[in-house]
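The chain is numbered in sequence order, starting from 1.
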Amino acid sequence: QVQLVESGGGLVQAGGSLRLSCAASRIIGVMGWYRQAPGKQRDLVATITSGGNTNYADSVKGRFTISRDNAKNTVYLQMNSLKPEDTAVYYCYARIYPTAYWGQGTQVTVSS
């Protein structure tokens with residue numbers, strides 16, 4: 001069983017920064033982050049492969065950066081220039097075909 005342990009969520013002011021971390025129990029080829037705001041669906045934020053290929057939602061391009069440290073089995077999400085509309089529960093994601101794994105989620109709240 002794959003376990004994903006998240007950290008780094010919190011409360012920040014608009015324009016501030018936050019860094020999320022997700023430690024996996026094993027190396028996984030595709031990892032990323034999704035988010036879900038109250039009353040909304042869970043949407044892609046960013047993904048990254050073991051080779052470093054990345055994909056971002058249009059809403060976060062230029063502000064968020066996904067990266068990974070394969071030696072530590074950890075994926076990061078650096079969030080800069082945060083906006084109130086970024087407020088959501090952020091979920092770590094991992095894919096081992098054909099199964100998707102999810103973290104418990106960490107709350108990110110951006111105040112105006």
Honestly, is Arg19 close enough over Tyr76, meaning NZ or CZ under 6.0 Å from the six-membered ring centre and within 45° of the axis?
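Yes, Arg19 sits over the ring of Tyr76.
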
Before we go on, tell me: are the rings of Tyr34 and Tyr91 under 6.0 Å apart, centre to centre?
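No, they do not, as the ring centres are separated by 6.0 Å or more.
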
What do you reckon, are the aromatic ring centroids of Trp33 and Phe64 less than 6.0 Å apart?
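No, the ring centres sit 6.0 Å or more apart.
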
Please check if atom CD in Gln107 has more than 12 non-hydrogen atoms from other residues, nucleotides or ligands closer than 6.0 Å.
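More than 12 within 6.0 Å, yes.
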
Over 12 non-hydrogen atoms of neighbours within 6.0 angstrom of CD in Gln104
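Counting other residues, nucleotides and ligands, CD of Gln104 stays at 12 neighbours or fewer.
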
Smallest separation among heavy atoms of [X] and [Y], with atom names:
{"X": "Val108", "Y": "Met79", "value": "CG2-CE, 3.9 Å"}
{"X": "Pro84", "Y": "Ala14", "value": "CD-CB, 4.1 Å"}
{"X": "Thr74", "Y": "Ser21", "value": "CG2-CB, 4.5 Å"}

Salt-bridge contact Lys61-Asp58 (side-chain N to carboxylate O under 4.0 Å):
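Between Asp58 and Lys61 there is a salt bridge, with a charged N closer than 4.0 Å to a carboxylate O.
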
Are Val45 and Leu77 close enough, and set up right, to give a side chain to side chain contact (heavy atoms under 4.5 Å, CB included), and what steps lead you there?
CA-CA 9 Å; Val45 177; Leu77 186 68; 4.1 Å; yes

Side chain to side chain contact (heavy atoms under 4.5 Å, CB included), that's the test. Do Asp43 and Gln36 meet it? Break it down for me.
CA-CA 6 Å; Asp43 290 328; Gln36 187 169 24; over 6 Å; no

Passes side chain to side chain contact (heavy atoms under 4.5 Å, CB included), Met31 versus Cys92? Steps please.
CA-CA 7 Å; Met31 298 184 68; Cys92 185; 4.1 Å; yes

Is it the case that the side chains of [Y] and [X] hold a donor-acceptor pair, with the cut-off being a distance below 3.5 Å and no angle test?
{"X": "Tyr90", "Y": "Arg35", "value": "yes"}
{"X": "Asn80", "Y": "Ser17", "value": "yes"}
{"X": "Tyr97", "Y": "Arg95", "value": "no"}

Check whether any side-chain heavy atom of Trp102 lies under 4.5 Å from a side-chain heavy atom of Arg42, and answer yes or no.
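Contact flag for Trp102/Arg42 side chains = yes.
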
Is the side chain of Glu6 donor-acceptor paired with the backbone N or O of Gly105 at a distance under 3.5 Å, no angle test?
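At least one qualifying donor-acceptor pair exists.
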
